[in-house]
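Before any comments, here is the structure.
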Amino acid sequence: MQYRTLGKTGWKVSEIGFGAWGIGGQWGPVEKTTALDAVQAALDCGVNFFDTADSYGIPPGSSEEFIGEALKGIRQNVFIATKVGNFGRRTGHPLPYTDASHVELCCDSSLFRLKTDRIDLYQSHIGNGNNVEVFLEAFETLISKGKIRAYAVSTNSLEVVRSYNQNGNCAAVQLEYSLLFREAEAELLNYCGENNIGTIIRGPLAKGVLTGKFDSNT
């Protein structure tokens, strides 16, 4: 495994991270043992960056629970990233996120499910730019309390990234990018490079299309 520095964090993270959406069961049933084995296989390959979200899984939060259990005992050797903003949205009951306390409440819940006392990278899961000031206030407070180490946003919008980086403290951006989806090359990747903002690529295999496992009969 090769490692790179994640933006202004200074962390040496594996070039390939573990995206934990799938182990929550939203793409089909996943047994707990299978989820834990998948995380262990990633660790065996040198992966040290694990990305999840409070909304991932059936029920929501189960992905975080699996990650927390799988990494228990080696927490100091890995980086955990999770997201806030979509808990309850799939079932039609999202929080309004109109006050920083909503974000802080979700953070405490994620810490509990992840079985840790701090989240390395806490990301806004709302990529449309709504309530940015609320998230920024909460993120700065959570950093001061030692509950998170850095914050980021999941979006492909340059303007949203700029709004989260208005104080120069946005550590990373999680963006969709692959051989089939390259719009980030126009402006967003350049902005991140110029501002030392790490990039976390989601959908690098286009949800399986680029694995070579699909054909005209699939």
Side-chain angles (χ1 to χ4, degrees), residues 1-3 6 11-95 105-127 147-150 152 154 172 174-178 200-214 218:
M1 181 63 67
Q2 298 183 64
Y3 301 84
L6 183 65
W11 307 336
K12 294 294 185 182
V13 302
S14 50
E15 287 188 345
I16 298 175
F18 184 95
W21 191 4
I23 63 172
Q26 284 176 253
W27 298 92
V30 177
E31 295 293 332
K32 178 180 178 179
T33 54
T34 302
L36 300 184
D37 286 346
V39 174
Q40 185 59 54
L43 289 167
D44 292 342
C45 291
V47 172
N48 70 353
F49 184 84
F50 295 83
D51 176 70
T52 183
D54 60 6
S55 61
Y56 288 172
I58 300 175
S62 57
S63 174
E64 287 186 328
E65 291 177 351
F66 290 153
I67 289 294
E69 182 165 345
L71 299 179
K72 184 171 55 179
I74 58 167
R75 176 67 183 90
Q76 70 279 6
N77 300 327
V78 297
F79 299 95
I80 294 178
T82 192
K83 308 180 198 72
V84 55
N86 281 333
F87 190 85
R89 193 173 302 279
R90 182 160 29 91
T91 56
H93 302 287
L95 288 171
L105 172 67
C106 288
C107 181
D108 286 342
S109 298
S110 288
L111 288 168
F112 176 79
R113 288 189 291 266
L114 290 165
K115 300 176 178 64
T116 185
D117 61 355
R118 89 276 184 198
I119 293 164
D120 295 303
L121 188 67
Y122 203 35
Q123 306 160 92
S124 170
H125 213 173
I126 299 179
K147 294 183 178 182
I148 69 173
R149 298 176 64 194
S154 177
Q174 184 162 165
L175 55 100
E176 184 176 358
Y177 181 57
S178 73
I200 304 164
I201 306 305
R202 58 183 172 86
L205 297 178
K207 296 183 178 178
V209 174
L210 293 172
T211 63
K213 297 181 178 180
F214 292 88
T218 300

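Count residues from 1 along the sequence.
- In this structure, K72 NZ and I67 CD1 are separated by 13.5 Å, a value rounded to the nearest 0.5 Å.
- Annotation: ring-ring contact (aromatic ring centres under 6.0 Å, His included) contacts involving residues 70-93, sequence neighbours excluded, comprise W11-F79.
- Listed by chain and residue number, E31 satisfy the side chain to side chain contact (heavy atoms under 4.5 Å, CB included) test with T33 (two or more places apart in sequence, or in another chain).
- Within the 4.5 Å cutoff, the side chain of I201 has heavy atoms near those of the L175 side chain.
- Partners of R90 under the salt bridge (Lys or Arg N to Asp or Glu O under 4.0 Å) rule, at least two apart in sequence or in another chain, do not exist in this structure.
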When you look at F66 and V30, which way does the side-chain contact (heavy atoms from CB on, under 4.5 Å) test go after all the steps?
CA-CA 11 Å; F66 290 153; V30 177; 5.6 Å; no
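- Scanning for salt bridge (Lys or Arg N to Asp or Glu O under 4.0 Å) contacts around E65 gives an empty result, with sequence neighbours left out.
- Taking F112 as the reference, nothing meets the side chain to side chain contact (heavy atoms under 4.5 Å, CB included) condition, with sequence neighbours excluded.
- Shortest non-hydrogen contact noted between S62 and G24 is OG-O, 3.5 Å.
- Remark: N77 pairs with no residue by the side-chain hydrogen bond (donor to acceptor under 3.5 Å, both in side chains) rule, at least two apart or across chains.
- Residues meeting the side chain to side chain contact (heavy atoms under 4.5 Å, CB included) test with L105, sequence neighbours left out: none.
- The side-chain hydrogen bond (donor to acceptor under 3.5 Å, both in side chains) test applied to T52 returns S63, not counting sequence neighbours.
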Does K147 form a side-chain contact (heavy atoms from CB on, under 4.5 Å) with D108? I'd like the steps, not just the answer.
CA-CA 8 Å; K147 294 183 178 182; D108 286 342; 2.8 Å; yes
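- By the side-chain hydrogen bond (donor to acceptor under 3.5 Å, both in side chains) test, K207 pairs with no residue at all, sequence neighbours left out.
- The two atoms that bring R113 and G61 nearest to each other are CD-O, 3.4 Å, heavy atoms only.
- With sequence neighbours left out, the side-chain hydrogen bond (donor to acceptor under 3.5 Å, both in side chains) criterion links K32 to E69.
- The closest donor-acceptor contact from the side chain of D54 to the backbone of V84 lies at 3.5 Å or more, if one exists at all.
- The backbone N or O of Y3 lies less than 3.5 Å from no partner atom in the side chain of E15, so there is not a single donor-acceptor pair.
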Can I get a per-line list of side-chain donor-acceptor pairs under 3.5 Å for residues 117-126, giving both atom names and the distance, sequence neighbours left out?
unit_1	atom_1	unit_2	atom_2	d
D120	OD1	R149	NH1	2.9
D120	OD2	R75	NH1	3.1
D120	OD2	R75	NH2	2.9
D120	OD2	I80	N	2.8
Y122	OH	C107	N	3.1
Q123	OE1	Q174	NE2	2.8
Q123	NE2	D51	OD1	2.9
Q123	NE2	T82	O	3.3
S124	OG	I126	N	3.3
S124	OG	I126	O	3.4
S124	OG	Y164	OH	2.9
H125	ND1	N86	ND2	3.3

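- Listed here is the closest heavy atom pair of P204 and S178: O-CB, 3.5 Å.
- Nearest heavy-atom pair, M1 versus S14, reported as atom, atom and distance to 0.1 Å: CG-CB, 3.7 Å.
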Pairs under 3.5 angstrom only: tabulate donor-acceptor contacts from the side chains of residues 34-44 to other protein residues two or more places apart or in another chain.
unit_1	atom_1	unit_2	atom_2	d
Q40	NE2	D44	OD1	2.9

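- Using cut-offs of 30° and 60° on the angle between ring planes, the pair F50 and F18 is tilted.
- Here the side chains of E64 and Y56 are not in contact, with every heavy-atom distance at 4.5 Å or above.
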